[in-house]
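Just so we're on the same page: letters track the sequence lines, and every chain starts at 1.
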There are 2 protein chains.
Amino acid sequence: MTETAPRPTLEAVAARAGVSRATVSRVVNGGDGVRKPLVERVRRAVEELGYVPNQAARSLVTKRNDAVAVVIAEPETRVFADPFFALQLRGISKELTAHDSQLVLLLTEGRADHARVGRYLAGGHVDGALVFSLHLQDPLPQLVQRAGVPTVFGGRPGWDDGTGGAVYVDSDNRGGAREAVRHLVGLGRRRIAHITGALDQTSAVDRLDGFRDVMGDADPRLIAEGDFTPAGGERAMRRLLEGCPDLDAVFAANDLTAAGALRVLRALGRRVPDDVAVIGFDDMLPVAEHTDPPLTTVRQDIEGMGRLMARLLLRGLDQGTGAPDPGGSSVAEDGPSSVVLPTTLVRRASA
Amino acid sequence: MTETAPRPTLEAVAARAGVSRATVSRVVNGGDGVRKPLVERVRRAVEELGYVPNQAARSLVTKRNDAVAVVIAEPETRVFADPFFALQLRGISKELTAHDSQLVLLLTEGRADHARVGRYLAGGHVDGALVFSLHLQDPLPQLVQRAGVPTVFGGRPGWDDGTGGAVYVDSDNRGGAREAVRHLVGLGRRRIAHITGALDQTSAVDRLDGFRDVMGDADPRLIAEGDFTPAGGERAMRRLLEGCPDLDAVFAANDLTAAGALRVLRALGRRVPDDVAVIGFDDMLPVAEHTDPPLTTVRQDIEGMGRLMARLLLRGLDQGTGAPDPGGSSVAEDGPSSVVLPTTLVRRASA
DNA sequence: GTGAAAGCGCTAACAG
DNA sequence: CTGTTAGCGCTTTCAC
């Protein structure tokens, strides 16, 4: 078979172009300081031989691998239920591609895999890591820090000690939640309920906090715990209705949850938004646009978050200071710091 | 900052254990042919120093990189609309992990990226590739073949010439469709319609063929083209109803499409399944379980497909024949061949 | 069984 | 500007 068709090496190109390996290397890597005609000759040789640099050999000497790990904790199952994950990845991919960096995907499912990820990261296979682990008390963040790899987190890591400097990119969950609730208030709603997300995730906690910012110490019966899934939304909605039959609005921690709530509301004969106004979070198009009625929701730029994460990481790497590594205490040109992206309220029919 | 904390090398371990690099290497790679006590000494040294082999150096000599590329053609946007993609990846990831292989994700968005992918694959950075490109006339398959990398396709590549030997893993789309339609027939339905998927994808074509296998040359008005999205399903459903107000069943190319159809049906006052029975395809849980009524559908084992793809590829690689490479014409120990996984009908309330 | 030595393909000083 | 010279860290014959 075509098997190991021995690919041409620098040496081969050099021979063909009648120059030294060093010159070829220079040309291949940008070609500064090499005279035009030579550059041309080399280029042609490269072309003719179909030469492609051997990344392993290159990494060996440069100590760079032009690769970034994306670590996604599986318990993040939600990630498999909505396109969140895919969008985020798309953003990351675009940015990395533009930077000629490769995306190494690490999916984990529990302790066993943590060790593996730790080893991999510590193994110097990648220049940096993008880590999604928005669970409180997730061991991953610490693990990553210990690996000593420049890292940017997706979502505020739910974890304080030692993480002080962790660089992360997050949506303004709290602010977005506030805006949603204020909108409800502005609509004249008074009995506003909240269905939380999975409270072991910072985003859920932040949205709950935003809700409280506006509502103060609301009737506890107006808050029901969900888990970011439609089923969770249904259950929570039922509970809320039992506890407070007179509620006139609900702010759900995400669109999926809102979709579940909507179903229950309809099944129970409540009109939306007439009887009960509903707002979601995410603006997951396939969901938000197709609920009945279409969902008013808080949009976050998911792909943009991914993109930004990658950008922050790469910038740090380029500064060569390894700055994004929280362990560092760079003073002068300290690396990127966390970014919280704004959200926007998207009005549709449900509120 | 913690920067390039110079990681220990084989040399260091050797020194510490009082042996030669060769011995350490042997131990690290399985430790056959090294006496027990020495193995122990080396193991300890590795432990104490926190030694992790440098993959670049290793690849340089072994010509293996313990990495597999997963190429996903972005037009595959559907992939971002349902968890298909994520599930598939999960399966792949599990298998690769078990095999100590890394997953390099390559997302493409059109021509420009094709070149990049081609270069990457041809660059020998990975041992093999898993390619998702189920579009007819997609240039990707040929491109991959040219790169000469062992490859397994996800879904039957819609592409004949030259591809003869392409190894792929697919669901029995046609068979599954047949079963669905037969079920409808068994229910006594006579005016059975079909909403197709995006017909530039083999899965959509195969499901349509399955439909025809049972229905023969049905009234063309009973077939409407969709695109695997809920919106497409809605549009198609409206068209069908206009052309054949008396239809009593519809087989949708996937669950998302069915969900759209369901919405239109309800909006128009048709009861499901009483007036119109509906069957989907995929058994995408978050969708199928939560439509109203819950969707009867054809299940395919998506995660299993991903897993199998990886397994086939790895097996081929291990055989060292590079067998999965379609270009090869290995005769004796020829590599894995394509696999079509069975589907099962899952009965819920819609049909 | 174990060690010594020879590279894998490339980049990065350092001369010229 | 261009060529020469060292290795990067590891595996792998080949002797001992």
Do L308(B) and V339(B) pass the side chain to side chain contact (heavy atoms under 4.5 Å, CB included) test, and can you show the C-alpha distance, the side-chain angles, and the key distance before you say yes or no? CA-CA 9 Å; L308(B) 186 56; V339(B) 177; 3.6 Å; yes

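Nucleotides of DNA chain D lying under 4.0 Å from heavy atoms of chain B occupy a range whose first and last members, 5' to 3', are dG9(D) to dT13(D). With a cutoff of under 4.0 Å to any heavy atom of chain B, the contacted region of DNA chain C is bounded 5' to 3' by dG1(C) to dG9(C).
For V19(A) and V61(B), each mapped to the nucleotide of DNA chain D holding its nearest heavy atom, the one lying further toward the 5' end belongs to V19(A). Sequence order on DNA chain C of the closest nucleotides to N29(A) and R26(B) puts R26(B) first from the 5' end. In terms of position along DNA chain C, the nucleotide closest to V34(B) lies nearer the 5' end than the nucleotide closest to the other residue of the pair V34(B) and L60(B).
One finds no salt bridge joining R43(B) and E47(B) here, because no Lys/Arg side-chain nitrogen approaches an Asp/Glu carboxylate oxygen to under 4.0 Å.
A distance-only check finds no donor-acceptor pair linking the side chain of S59(B) to the backbone of A56(A) [under 3.5 Å]. Between the side chain of S101(B) and the backbone N or O of L96(B), no donor-acceptor pair lies under 3.5 Å. Between the side chain of R7(B) and the main chain of G123(A), a donor-acceptor pair closer than 3.5 Å is present. When atom types are taken as modelled, the side chain of D127(A) and the backbone of N65(A) share a donor-acceptor pair closer than 3.5 angstrom. For T151(A) (side chain) and V149(A) (main-chain N/O), a donor-acceptor pair under 3.5 Å exists by modelled atom type. Of the possible polar contacts, none joining the S93(A) side chain to the L89(A) backbone as a donor-acceptor pair under 3.5 Å is found. No donor-acceptor pair under 3.5 Å is formed between the side chain of R307(A) and the backbone N or O of I92(A). In terms of modelled atom types and a separation under 3.5 Å, the side chain of T23(A) and the main chain of V19(A) share no donor-acceptor contact.
End-to-end axis angle of the helix from dG1(C)-dC16(D) to dG16(C)-dC1(D), using five pairs per end and rounding to 10°, comes to 30°.
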